[in-house]
*Asks:* 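Sharing a structure, written as structure tokens. Questions coming.
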There are 2 protein chains.
Amino acid sequence: MEIQRLPRAARQLARLRIEPTPGENRLRVNCRACPVRNLPAFKKLSDDRIDFIQSMKSHHLQFDAGSWIIHAGQAAELYTLFSGWAFRFKTLPDGRRQILNFILPGDLLGLQASLFSDALYDVVALTDVELCVFPRNKLWSLFERMPDLAFDTTWLGAREESQVDDNLTTVGARSATERVAALIIGLYRRADLLGMVADKTLLFPLGQQHVADALGLSLVHTNKTINRLKRMGVFDLSHGLLTMQNFGVLKRIAQAFDIEIAPRPLI
Amino acid sequence: MEIQRLPRAARQLARLRIEPTPGENRLRVNCRACPVRNLPAFKKLSDDRIDFIQSMKSHHLQFDAGSWIIHAGQAAELYTLFSGWAFRFKTLPDGRRQILNFILPGDLLGLQASLFSDALYDVVALTDVELCVFPRNKLWSLFERMPDLAFDTTWLGAREESQVDDNLTTVGARSATERVAALIIGLYRRADLLGMVADKTLLFPLGQQHVADALGLSLVHTNKTINRLKRMGVFDLSHGLLTMQNFGVLKRIAQAFDIEIAPRPLI
DNA sequence: CGAAACGTTGATATCCTTCAACATGAGTGG
DNA sequence: CCACTCATGTTGAAGGATATCAACGTTTCG
């Protein structure tokens with residue numbers, strides 16, 4: 001979804017995205033000045049560590065919205081999502097699919113696939129995305145030469161698992177209304193930490209089918225549930241824009257856990 | 001659940017457990033001769049690696065069935081499950097709980113909790129269990145001094161995540177019958193690799209409430225679904241014993257993925 | 001033998017799905 | 001700028017899958 005194809009209202013907010021504008025392209029070759037890394041959400045690293053990461057990075061990749069980034073059953077590299085949104089999912093033999101998690105800037109992608117012989121899930125870009133590519137065959141040298149970065153990598157893997165734990169709890173133990181609330185709360189929190197929220201509003205690139213597939217609900221029931229919550233006035237969602245109207249109530253509806261998020265590593 | 005409290009039929013099969021009998025207690029201090037490590041499912045390690053693991057191991061712990069091994073919200077050490085079964089779960093504020101995964105011998109336990117400040121889930125012993133304890137403060141030295149073991153640790157974390165991915169797919173995308181089938185298939189496969197299956201039969205310590213909580217189903221509906229599958233003759237399950245009667249059909253019912261399992265590391 | 005935990009069963013209620021139709025909005029080409 | 005088309009979102013009605021309720025059976029252990 002390029003900016004141009006977003007609805008008008010969304011386009012006006014496009015500046016909220018943390019992507020570099022074209023004029024900032026030089027940032028892409030300098031990890032020290034990486035706009036993602038310099039967000040307050042991320043742990044500060046020493047220059048030599050950052051330089052090592054940069055030396056591991058083979059290139060910068062772009063995908064259009066809707067493209068496959070990782071194919072189930074095929075080998076994949078290790079990526080860090082630099083800008084945009086993506087999602088990770090599995091498809092059953094008969095075609096039903098389950099979205100496992102959404103991926104936001106700074107998230108590591110393909111760690112499982114880099115460690116195993118090939119990926120067990122698909123990853124598709126939800127918006128146009130940019131990725132930093134780390135060839136899987138260099139992962140070992142990171143463990144060998146930079147144990148603290150290896151530690152951070154493991155930490156990021158554990159964080160991903162923790163999010164899937166949450167999603168499983170949502171799908172397995174919450175009602176439809178609670179599921180929608182929990183998804184919105186979770187994504188809003190993550191986006192907020194990345195500075196993607198302004199005026200309690202963020203660009204929300206999921207369609208209702210994505211929400212349905214993430215929550216294990218039918219499209220129709222997802223629609224009715226979202227609209228019920230919108231009518232309750234806890235959030236607004238239309239034209240690709242999500243506005244948080246009552247975080248406290250939404251959190252209570254979701255039966256959400258309190259979480260504290262410490263500055264996290266970025267490989 | 002001590003052996004003594006198992007139903008008679010289960011007791012007769014108790015020899016299938018890979019726990020050392022009392023006379024084998026000396027094995028507990030010698031990781032090189034560890035009966036878990038020497039199963040064909042596990043990757044062979046060089047002696048110096050095994051010795052390092054042994055030096056990291058602070059002690060051997062036992063818990064009775066039903067005891068809490070890890071408390072959500074509290075710090076936890078890093079464990080390897082040596083014998084028995086356990087399960088990992090989250091509880092919502094109002095008491096509903098979601099079982100995230102079951103833990104079998106050789107599985108790493110508490111990695112998330114060791115990396116974060118404290119655990120985000122509970123772990124409870126399903127049977128009597130024995131654990132190898134690795135103090136979390138020694139984890140860093142493993143990364144620093146044994147990069148290949150650090151790599152293996154990350155691998156084990158990724159494997160755990162991959163199992164939660166599967167469970168989320170089961171709960172989110174499969175019908176009740178498919179869910180039960182998928183759970184049975186998954187646990188049977190894992191137990192089989194550990195040599196816990198003889199004559200297509202294994203000690204199955206989950207009650208129907210555990211199955212229900214793992215699958216996001218009510219207890220009553222879980223019961224009816226299990227019995228429907230039993231009447232179909234694909235498996236038998238009673239008195240704590242699971243017998244696989246038609247793996248192929250069960251796998252088809254579950255819409256299960258094909259998986260290959262390579263020898264895996266054991267920390 | 002009694003108690004407690006666990007499993008089983010039928011009846012009823014509800015949440016969610018499916019089906020089908022229609023509405024809206026965004027991109028496209030005239 | 002309008003008309004067209006496709007993707008996406010919306011709505012009501014009907015059916016099915018699962019939950020809840022309540023009672024009873026069975027196993028295990030004290």
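Below, each value reflects all heavy atoms present in this structure, side chains not excepted, and no hydrogens, waters or symmetry copies. Here is how names work: the chains are called A, B, and so on, in the same order as the sequence lines, proteins then strands, and each is numbered from 1.
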*Asks:* Suppose the criterion is salt bridge (Lys or Arg N to Asp or Glu O under 4.0 Å): which pairs have a residue in residues 168-179 of chain A, not counting sequence neighbours?
*Replies:*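 Salt bridge (Lys or Arg N to Asp or Glu O under 4.0 Å) check on residues 168-179 of chain A returns A:Glu178-B:Arg96.
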*Asks:* Regarding D:dG9, can its base be found pairing with the side chain of A:Lys224 as donor and acceptor, where the two atoms are less than 3.5 Å apart?
*Replies:*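 Under the 3.5 Å cut-off, the side chain and the base do not form any donor-acceptor pair.
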*Asks:* Is the shortest side-chain N/O distance from A:His239 to OP1 or OP2 of C:dA26 below 4.0 Å?
*Replies:*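 Yes, because at least one side-chain N or O of A:His239 sits under 4.0 Å from OP1 or OP2 of C:dA26.
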*Asks:* Test of understanding: with salt bridge (Lys or Arg N to Asp or Glu O under 4.0 Å), list the residues that count as partners of B:Arg252, not counting sequence neighbours.
*Replies:*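 If we apply the salt bridge (Lys or Arg N to Asp or Glu O under 4.0 Å) test to B:Arg252, skipping adjacent residues, there are no hits.
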*Asks:* Quick one, which residues of residues 216-223 of chain A touch DNA chain D with a heavy atom under 4.0 Å?
*Replies:*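 Nucleic-acid contacts, sorted: A:Val220, A:Asn223.
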*Asks:* Under a 4.0 Å threshold between the charged nitrogen and the carboxylate oxygen, would A:Lys90 count as salt-bridged to B:Asp166?
*Replies:*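 Counted as a salt bridge, because a side-chain N and a carboxylate O are separated by less than 4.0 Å.
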*Asks:* Taking the side chain as C-beta and beyond, is there a heavy-atom pair between B:Trp68 and B:Gln74 under 4.5 Å?
*Replies:*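 Not touching, per the 4.5 Å side-chain cut-off.
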*Asks:* Do A:Ile99 and A:Gln209 come close enough that some side-chain heavy atom pair is under 4.5 Å?
*Replies:*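 They are not in side-chain contact.
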*Asks:* Mind calculating the distance between CZ (A:Arg96) and C1' (D:dA17) to the nearest angstrom?
*Replies:*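 So the CZ-C1' distance, A:Arg96 to D:dA17, works out to 13 Å.
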*Asks:* Provide, to the nearest angstrom, the distance between the CG atom belonging to B:Leu242 and the P atom belonging to C:dG7.
*Replies:*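 Rounded to the whole Å, the gap is 14 Å.
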*Asks:* Does anything in residues 195-230 of chain B form a ring-ring contact (aromatic ring centres under 6.0 Å, His included)? List the pairs, not counting sequence neighbours.
*Replies:*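 Sorted pair list: B:Phe87-B:His210.
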*Asks:* Round to the nearest Å and state the distance from A:Gln208 atom CD to D:dT11 atom P.
*Replies:*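 It works out to 10 Å between those atoms.
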*Asks:* Send over the distance from B:Asp236 CG to C:dG7 P, rounded to a whole Å.
*Replies:*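 In whole Å, C:dG7 P and B:Asp236 CG are 14 Å from each other.
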*Asks:* Just N and O in the side chain of A:Asn227: are any of them under 4.0 Å from OP1 or OP2 of D:dG9?
*Replies:*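 A:Asn227 to D:dG9 OP1/OP2: no side-chain N or O under 4.0 Å.
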*Asks:* Given the rule in the side chain to side chain contact (heavy atoms under 4.5 Å, CB included) test, do B:Tyr121 and A:Asp165 qualify, once you have shown the distances and angles that lead to the verdict?
*Replies:* CA-CA 9 Å; B:Tyr121 49 78; A:Asp165 286 352; 4.2 Å; yes
*Asks:* Taking only residues two or more places apart in sequence or in another chain, which ones pass salt bridge (Lys or Arg N to Asp or Glu O under 4.0 Å) with B:Asp107?
*Replies:*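 Per chain and number, B:Asp107 pairs via salt bridge (Lys or Arg N to Asp or Glu O under 4.0 Å) with B:Arg159, B:Arg190, B:Arg264.
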*Asks:* Take atom CD of A:Gln209 and atom P of D:dT10, then tell me their distance rounded to the nearest Å.
*Replies:*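 Distance check: A:Gln209 CD to D:dT10 P gives 13 Å.
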*Asks:* Are A:Asp213 and A:Gln98 close enough that a side-chain donor and a side-chain acceptor fall under 3.5 Å?
*Replies:*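 No.
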*Asks:* Check the distance between D:dA19's C1' and B:Asp213's CG and give it to me in whole angstrom.
*Replies:*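 In whole Å, D:dA19 C1' and B:Asp213 CG are 14 Å from each other.
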*Asks:* I need the residues from residues 167-180 of chain A with at least one non-hydrogen atom less than 4.0 Å from DNA chain C; give them sorted by number, or say none.
*Replies:*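 A:Ser175, A:Ala176, in order of number.
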*Asks:* Please report, rounded to the nearest Å, how far the P atom of C:dT9 is from the NZ atom of B:Lys230.
*Replies:*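 Value for this atom pair: 9 Å.
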*Asks:* Rounded to the nearest Å, what distance is computed from the CG atom of residue A:Leu215 to the P atom of nucleotide C:dC16?
*Replies:*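 Atom CG in A:Leu215 sits about 11 Å away from atom P in C:dC16.
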